[in-house]
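Data first, discussion second: the structure below is written as structure tokens.
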2 protein chains.
Amino acid sequence: MGVGLTRKSGAGGRSTVRDVAARAGVSASTVSRVLGGEYPVSAATRTRVLRAVRELDYVADARARAVAGAGTPTLAFVLEDITGPSFAHMAYGVEREAARLGHLSLVCSTDGDVRRELEFIEMMRAQRAAAVILVGGAADTPEYRERTRRVADSLAAAGSRLVLCGRPPLGPGAPVTVIEYDNEGGAYALVAHVLAQGHRRVLFLGGKPDHTTAMGRQRGYLAAHRARGVEPDPALLLHGDFTRDSGHRLMRQALARGLEFSAVIAATDMVAAGALTALHEAGLAVPGDVSLAGYDDIPFARDLRPALTTVHVPYEELGRLAVRTALGHGGESADEHLLLGTHVVVRDSVAAYGGH
Amino acid sequence: MGVGLTRKSGAGGRSTVRDVAARAGVSASTVSRVLGGEYPVSAATRTRVLRAVRELDYVADARARAVAGAGTPTLAFVLEDITGPSFAHMAYGVEREAARLGHLSLVCSTDGDVRRELEFIEMMRAQRAAAVILVGGAADTPEYRERTRRVADSLAAAGSRLVLCGRPPLGPGAPVTVIEYDNEGGAYALVAHVLAQGHRRVLFLGGKPDHTTAMGRQRGYLAAHRARGVEPDPALLLHGDFTRDSGHRLMRQALARGLEFSAVIAATDMVAAGALTALHEAGLAVPGDVSLAGYDDIPFARDLRPALTTVHVPYEELGRLAVRTALGHGGESADEHLLLGTHVVVRDSVAAYGGH
DNA sequence: GTGAAAGCGCTAACAA
DNA sequence: TTGTTAGCGCTTTCAC
């Protein structure tokens with residue numbers, strides 16, 4: 001039935017340059033040239049080639065192109081969990097900017113698992129990714145710094161680049177680009193605002209004890225207290241993670257434990273949301289009985305009741321900046337360190353201290 | 001200074017199999033074999049090779065491996081905007097499951113731009129992606145169906161596969177895998193619940209007029225009315241998008257226009273959040289003056305005040321299922337169509353109709 | 001303007 | 001067990 005002949009004819013798909021060349025009656029190089037665009041080819045041949053391409057529904061294998069030297073550059077980003085609103089916004093910024101700059105984006109969610117992060121980075125080195133962007137904080141231990149520094153070196157040696165987006169530098173000399181926002185400064189301003197309202201016992205619903213972001217915010221909390229001359233009570237520092245459920249759980253525990261406080265600072269807006277519900281469940285009014293503030297200024301924050309006072313962080317811009325900086329200069333770039341500012345957004349969840 | 005000799009020695013990076021082979025005193029194939037793992041190599045050589053690999057900090061170029069036949073399989077997913085909570089959860093499911101199955105994930109945010117979606121799919125065909133997953137609804141026009149069907153054919157011919165995740169089928173015979181959740185059914189149940197509370201004029205804050213998800217939900221809204229024998233007032237159908245801001249804006253317009261209603265159904269929880277705030281700003285109590293319900297059951301929904309009655313959708317599972325089904329059977333798979341169920345989650349934002 | 005040939009970095013079939 | 005030889009599918013000199 002002559003089926004054999006049909007193989008490459010119809011919808012095509014698995015066809016190669018050579019198939020196209022044959023069908024157009026030219027050489028493979030010519031096909032490559034008309035597809036490449038940058039090379040003089042007679043109008044007639046071009047037309048024939050293009051027709052063959054269309055008939056075969058041909059697309060050049062990107063991997064082969066890459067090996068041969070052409071090929072779409074790729075960039076990778078790693079985050080703990082794309083599901084968190086602030087992560088999602090950074091991811092959005094990264095992907096959009098990468099696409100704008102003609103790059104493909106590879107993602108990996110690590111769920112906070114360091115091994116996974118490392119494995120993925122190694123894969124990206126194999127992929128010859130132009131840059132690997134680590135999005136969001138991490139547990140800051142000595143081993144972490146050493147490991148990260150090692151991968152930074154590997155990447156740099158391979159002509160790629162490690163970017164820390166929303167994560168602090170590794171120390172001098174590490175070949176990394178870091179784009180951060182000011183966790184400590186934002187928290188400082190926020191807590192100062194709360195303290196200025198007369199609150200003296202403010203609960204801190206923090207993140208994991210080693211987490212860079214969580215710690216930065218906690219440092220700001222502490223510093224604001226000291227600047228005001230009030231000694232923070234260590235019992236008021238609670239640790240969980242950055243989810244809504246963590247905020248809910250922590251707040252319930254604090255209440256159950258009979259902790260005394262007139263205001264609470266949540267490490268993220270998500271945590272604040274959970275805390276707000278727990279407060280509400282306990283019959284406490286916000287901000288009547290207790291004031292509450294978050295961090296991140298996610299879109300949702302203004303829909304909580306009361307609307308949440310929080311710290312605005314330009315997440316999307318952070319992501320965009322990260323790829324722009326990483327891709328801007330080819331490899332030999334100076335080790336950049338950008339610190340983006342944040343500002344507190346006053347809404348309705350913090351009120352003046354009403355006595356106790 | 002003998003610097004030339006140092007080039008490939010130190011941190012290495014751009015080294016090739018041949019460099020490693022030379023340093024270990026073996027052939028390239030041997031290096032490939034020890035790295036591949038599946039082939040008998042003497043312990044001694046293996047050690048030497050491994051040492052050379054370490055010293056050179058070598059990783060095989062993944063693109064070259066792919067061309068040669070080995071190589072990490074890749075999968076791609078496309079969505080409108082990773083920033084939307086439900087999208088983010090699907091994306092999370094997709095990425096996690098892909099990684100679990102040993103695949104790399106490429107992402108693209110289209111911002112709803114069809115051209116971008118098409119361009120990206122074409123790139124994925126060039127990348128020889130194992131599957132391309134389209135996440136979330138789309139504007140359902142005849143052109144859309146035709147275009148999508150065409151790319152589905154292209155992909156299929158190339159041994160890849162198109163997956164529609166949260167988007168309806170293209171009609172019979174299209175080589176696609178579709179994993180949907182029941183928009184119409186969920187909305188039907190939700191609206192029936194609201195109607196059962198005695199409400200008769202319920203406002204619908206919908207999405208874009210052609211959008212498959214939005215339309216499915218609207219159909220459910222309409223069907224529930226008819227089933228109850230109440231004729232829905234077309235003036236009560238408003239159109240926007242799925243964001244919080246859209247909900248806020250639409251709700252304000254409805255109020256300004258003096259529309260009469262005692263309940264509102266928002267097409268998504270985000271829309272509901274914005275609507276809630278608009279209602280609040282207008283001095284209306286929920287559910288005292290007007291009842292409100294959302295759709296998606298995002299984590300945040302229970303932190304709104306009142307806690308939002310909504311429809312639960314297993315987004316993460318949807319994403320996981322999408323990749324499992326797509327990857328499960330190699331190409332020649334039957335054209336699958338899975339419809340996941342949803343259920344309404346009754347919380348506090350819908351109350352019985354209190355008269356008018 | 002076009003083709004032949006060399007090569008990108010890797011793996012696999014074939015010998016030895 | 002290991003090396004040699006062919007590719008994989010593409011691009012890019014280098015000739016004509």
Side-chain angles (χ1 to χ4, degrees), chain A residues 8 12-50 52-53 56-74 123 125-129 158-160, chain B residues 8 12-50 52-53 56-74 123 125-129 158-160:
Chain A
K8 299 266 172 169
R14 273 260 125 80
S15 19
T16 75
V17 229
R18 270 177 282 276
D19 297 322
V20 178
R23 185 174 252 265
V26 297
S27 74
S29 349
T30 300
V31 173
S32 175
R33 292 201 262 253
V34 347
L35 258 27
E38 306 304 324
Y39 208 90
V41 175
S42 87
T45 357
R46 143 164 287 116
T47 314
R48 293 215 321 284
V49 169
L50 255 24
V53 166
L56 259 29
D57 199 15
Y58 170 79
V59 247
D61 185 317
R63 293 102 40 103
R65 299 196 62 197
V67 174
T72 321
T74 295
M123 302 196 75
R125 198 156 69 94
Q127 293 288 339
R128 303 299 188 251
S160 176
Chain B
K8 299 267 174 170
R14 272 258 125 80
S15 21
T16 75
V17 229
R18 272 178 280 277
D19 297 321
V20 178
R23 185 173 252 265
V26 297
S27 75
S29 351
T30 299
V31 173
S32 175
R33 293 200 264 251
V34 347
L35 259 27
E38 307 304 323
Y39 209 89
V41 177
S42 86
T45 359
R46 143 164 288 116
T47 314
R48 293 215 320 285
V49 169
L50 255 22
V53 165
L56 259 28
D57 199 15
Y58 170 79
V59 248
D61 185 318
R63 294 102 40 105
R65 299 195 63 200
V67 174
T72 322
T74 295
M123 300 196 76
R125 198 156 70 94
Q127 293 287 340
R128 303 299 188 252
S160 176

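These numbers were taken from a predicted model, which means no experiment stands behind them. Per chain, numbering begins at 1; letters A, B, ... match sequence-line order.
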Cut-off 3.5 Å, no hydrogens considered: what does the side-chain donor-acceptor table look like for residues 28-40 of chain A, sequence neighbours left out?
from, atom 1, to, atom 2, distance (Å)
A:S29, OG, A:S27, OG, 3.4
A:T30, OG1, A:S27, OG, 3.3

(request) Could you tell me, to 10°, how much the axis swings from one end of the helix from C:dG1-D:dC16 to C:dA16-D:dT1 to the other, five pairs per end? (result) 40°

(request) For the pair A:R48 (side chain) and A:A24 (backbone), establish whether a donor and an acceptor sit closer than 3.5 Å, ignoring hydrogens and angles. (result) yes

(message) For a 4.5 angstrom cut-off between non-hydrogen side-chain atoms, does B:R125 reach A:D57?
(response) yes

(message) Under the rule for side chain to side chain contact (heavy atoms under 4.5 Å, CB included), what residues qualify as partners of A:A62, not counting sequence neighbours?
(response) B:A126, B:Q127

(request) On DNA chain C, reading 5' to 3', which nucleotide is the first and which the last to sit with an atom under 4.0 Å from a heavy atom of chain B, could you check? (result) C:dG9 to C:dA13

(message) So that I can tick it off, tell me whether B:R14 and B:D19 are bridged by a salt bridge, with the cut-off set at under 4.0 angstrom between side-chain N and carboxylate O.
(response) no

(request) Say whether, by atom type as modelled, one donor and one acceptor occur between the side chain of A:S15 and the main chain of A:Y58 under 3.5 angstrom. (result) no

(request) Indicate for each nucleotide in nucleotides 7-13 of chain D, in 5' to 3' sequence, whether protein heavy atoms under 4.0 Å reach the base (B), only the sugar-phosphate (S), or nothing (-). (result) BBBBBBB

(request) Can you sort out the partners of A:S42 under side chain to side chain contact (heavy atoms under 4.5 Å, CB included), two or more places apart, ordered by chain and number? (result) A:A44, A:T45

(message) Working to the nearest 0.5 angstrom, can you tell me the gap between B:D61 CG and A:R128 CZ?
(response) 4.5 Å

(message) Main chain of A:V67, side chain of B:R63: is a donor-acceptor contact present, judged purely on distance under 3.5 Å?
(response) no

(request) Output the distance between atom OG1 (B:T72) and atom CE (A:M123), rounded to the nearest 0.5 Å. (result) 4.0 Å

